[in-house]
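Following: one structure in structure tokens, then a few remarks.
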Amino acid sequence: MNSIKKIAVFILSNGRPNDVITYQTLKKHGYTGEIYIIVDDEDKTLREYKENYKDKIIVFSKKDYRSKFDMMDNFTGNKVIVYARNACYDIARKLGLDYFFEYEDDYVYLQYRWIQGGSLKAKKIKDLDKVLSLMVECLDETSAETIAFAQGGDFIGGAGSFKNNAFKRKAMNSFVFKVNQDPLKDTIFNGRMNDDVNTYLMKGKVGGLFFQIPNICLVQRETQSNSGGNTEVYKTFGTYAKSFYSVMAAPNCCKISLMGRINKRLHHQITWKNAVPRIIDEKYKKQ
């Protein structure tokens with residue numbers, strides 16, 4: 001990793017002390033930098049985390065963050081990832097970091113994606129240090145708030161999914177952030193569920209730049225297939241409720257729709273021309 005800038009990866013985890021897949025995945029793909037696993041003080045498996053990962057475990061208190069974001073509902077319970085997301089900046093400042101990458105704990109594979117001969121190709125990443133350094137460089141050279149990897153669902157449609165797609169105006173699941181010394185400049189995530197979508201929609205409509213790079217893809221376990229994490233709340237409230245948080249966040253551009261070709265499922269659908277400010281061709285400028 002970059003020898004000047006101080007950088008680390010945070011893996012947000014809950015209830016999976018023996019199944020933090022992302023930890024080994026990062027090493028398998030060539031990452032040699034610092035990794036910390038972020039766990040809350042209410043996790044019943046905290047002792048196991050500490051036994052397995054020793055000084056790589058960082059514990060935060062959910063009570064310290066409840067008033068710093070909007071849960072967007074009046075339900076009870078707090079077993080959701082949004083608390084950990086909003087604790088990361090403070091943790092990064094305490095560690096003296098310049099940048100941090102924020103990942104979930106269920107990544108099984110990282111790959112390059114590109115078009116060749118009209119087909120969508122994939123190849124395992126072996127030099128993840130270089131990839132992450134380039135993402136930091138991109139963040140530095142742009143006014144982006146964060147940059148994210150693509151996910152499997154972004155490639156539905158094969159080669160056609162790359163059309164006009166150098167940067168998507170969204171960032172989900174994986175992030176890189178620059179550490180601010182002023183907490184008022186932190187990116188705050190909102191919503192019990194779909195917090196990443198809620199946030200890029202709420203901030204995007206006022207000019208915030210959230211980008212996704214389509215050439216790097218993360219592959220993770222199927223949602224709700226393993227216990228821990230956000231699985232409990234997804235099973236309790238369902239996919240419709242999960243997606244509807246984003247409708248509440250941006251009803252001007254987001255609705256509930258069916259996703260997929262054969263095994264369709266409810267998902268949020270965004271009309272991007274209504275979601276974020278757009279650049280108008282200079283030919284329309286008044287003289």
Side-chain angles (χ1 to χ4, degrees), residues 2 4-12 14 34 36-42 58-74 78 80-104 132 135-149 167-213 230 245-246 248-254 270 275-278:
N2 193 300
I4 299 175
K5 300 181 177 74
K6 192 172 181 184
I7 299 166
V9 170
F10 293 163
I11 301 175
L12 313 186
N14 182 278
E34 290 287 353
Y36 297 99
I37 300 172
I38 312 301
V39 184
D40 69 83
D41 59 354
E42 298 176 18
I58 294 180
V59 182
F60 75 97
S61 175
K62 285 184 175 178
K63 292 180 181 177
D64 293 339
Y65 292 91
R66 180 62 192 92
S67 63
K68 295 186 178 181
F69 69 96
D70 186 357
M71 193 73 95
M72 297 175 62
D73 62 34
N74 57 3
N78 61 3
V80 284
I81 197 172
V82 66
Y83 287 90
R85 292 211 193 283
N86 288 317
C88 283
Y89 273 101
D90 286 341
I91 293 169
R93 279 188 283 266
K94 288 178 182 177
L95 292 172
L97 300 179
D98 298 307
Y99 301 84
F100 65 91
F101 290 84
E102 183 182 306
Y103 296 155
E104 296 184 16
L132 300 192
M135 292 187 73
V136 166
E137 186 178 323
C138 183
L139 198 67
D140 268 344
E141 294 182 359
T142 67
S143 54
E145 198 159 325
T146 190
I147 304 170
F149 294 151
F167 284 98
K168 278 188 176 180
R169 288 290 302 271
K170 69 174 192 173
M172 295 175 63
N173 200 287
S174 64
F175 308 92
V176 56
F177 291 108
K178 187 172 184 176
V179 181
N180 308 301
Q181 294 311 308
D182 181 0
L184 294 177
K185 295 181 180 180
D186 294 351
T187 298
I188 302 299
F189 289 85
N190 291 287
R192 181 180 301 274
M193 294 184 284
N194 248 26
D195 56 274
D196 45 7
V197 181
N198 306 338
T199 300
Y200 74 65
L201 285 176
M202 293 168 75
K203 301 209 73 174
K205 65 184 178 183
V206 293
L209 299 180
F210 288 67
F211 289 130
Q212 173 190 287
I213 298 177
N230 266 8
Y245 281 86
S246 298
M248 291 192 293
N252 63 305
C253 64
C254 186
I270 298 168
V276 296
R278 298 165 65 85

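Note that the structure is a prediction, hence the values are computed from the model and not measured. Reckoned from all heavy atoms, side chains included, excluding hydrogens, waters and symmetry mates.
Side-chain contact between R169 and Y200 is absent, with no heavy-atom pair separated by less than 4.5 Å. Side chains of F101 and I7 form a contact here, defined as non-hydrogen atoms less than 4.5 Å apart. Between V9 and E34, every side-chain heavy-atom pair lies at or beyond the 4.5 Å cut-off. Counting heavy atoms from C-beta outward, V179 and R93 have side chains that approach closer than 4.5 Å. No side-chain heavy atom of Y65 sits less than 4.5 Å from a side-chain heavy atom of V82. Put simply, the side chain of T146 does not reach to within 4.5 Å of the side chain of F211, judged on heavy atoms. Taking the side chain as every heavy atom from C-beta outward, L201 and I270 approach each other to under 4.5 Å. Contact annotation: the side chain of F210 approaches that of E145 to within less than 4.5 Å [non-hydrogen atoms, C-beta and beyond].
Minimum heavy-atom separation, A84 to L12: CB-CD1, 4.1 Å. P251 approaches A249 most closely through the heavy-atom pair CD-C, 3.8 Å. The shortest heavy-atom contact between I11 and E104 is CG2-O, 3.8 Å.
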*Kindly determine whether Y103 and V176 satisfy side-chain contact (heavy atoms from CB on, under 4.5 Å), including the steps that lead there.*
CA-CA 9 Å; Y103 296 155; V176 56; over 6 Å; no

*asked:* I'd like to know whether L95 forms a side-chain contact (heavy atoms from CB on, under 4.5 Å) with Y36, so could you lay out the CA-CA distance, the side-chain angles of the two residues, the decisive distance to 0.1 Å, and finally the verdict.
replied: CA-CA 11 Å; L95 292 172; Y36 297 99; 3.8 Å; yes

*Could you please spell out the steps behind the side-chain contact (heavy atoms from CB on, under 4.5 Å) verdict for T142 and L209?*
CA-CA 9 Å; T142 67; L209 299 180; over 6 Å; no

_Working note: V197 + M172, criterion side-chain contact (heavy atoms from CB on, under 4.5 Å); need CA distance, chi angles, decisive distance, verdict._
CA-CA 7 Å; V197 181; M172 295 175 63; 3.7 Å; yes

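Around atom NZ of K68, more than 12 heavy atoms belonging to other residues, nucleotides or ligands sit under 6.0 Å away.
Atom CG of L139 sits about 7.5 Å away from atom NZ of K178, to the nearest 0.5 Å. One distance of note links CG of D40 with CD1 of I58; it measures 13.5 Å at 0.5 Å rounding. Separating the OG atom in S246 from the CE atom in M72 is a distance of 7.0 Å, to the nearest 0.5 Å. With rounding to the nearest 0.5 Å, the separation of CG in N194 from SG in C254 is 8.0 Å. Atom-to-atom distance recorded for T187:OG1 and E102:CD is 9.5 Å, nearest 0.5 angstrom. Interatomic distance, NZ of K203 versus CZ of F189, reported as 9.5 Å (0.5 Å rounding).
You'll find the ring centres of Y89 and F100 inside the 6.0 Å limit. Aromatic rings from Y83 and F60 are positioned such that their centres are separated by 6.0 Å or more.
Using a 4.0 Å cut-off between a side-chain N of Lys or Arg and a carboxylate O of Asp or Glu, K6 and D98 do not qualify as a salt bridge. The existence of a salt bridge linking D140 and K5 is confirmed by a sub-4.0 Å separation between a basic side-chain nitrogen and an acidic carboxylate oxygen. A salt bridge links R85 with D195: the closest approach of a Lys/Arg side-chain nitrogen to an acidic carboxylate oxygen falls below 4.0 angstrom.
A donor-acceptor contact shorter than 3.5 Å links the side chain of N198 to the backbone of M193. Under a 3.5 Å cut-off, the side chain of N180 and the backbone N or O of D182 do not form any donor-acceptor pair.
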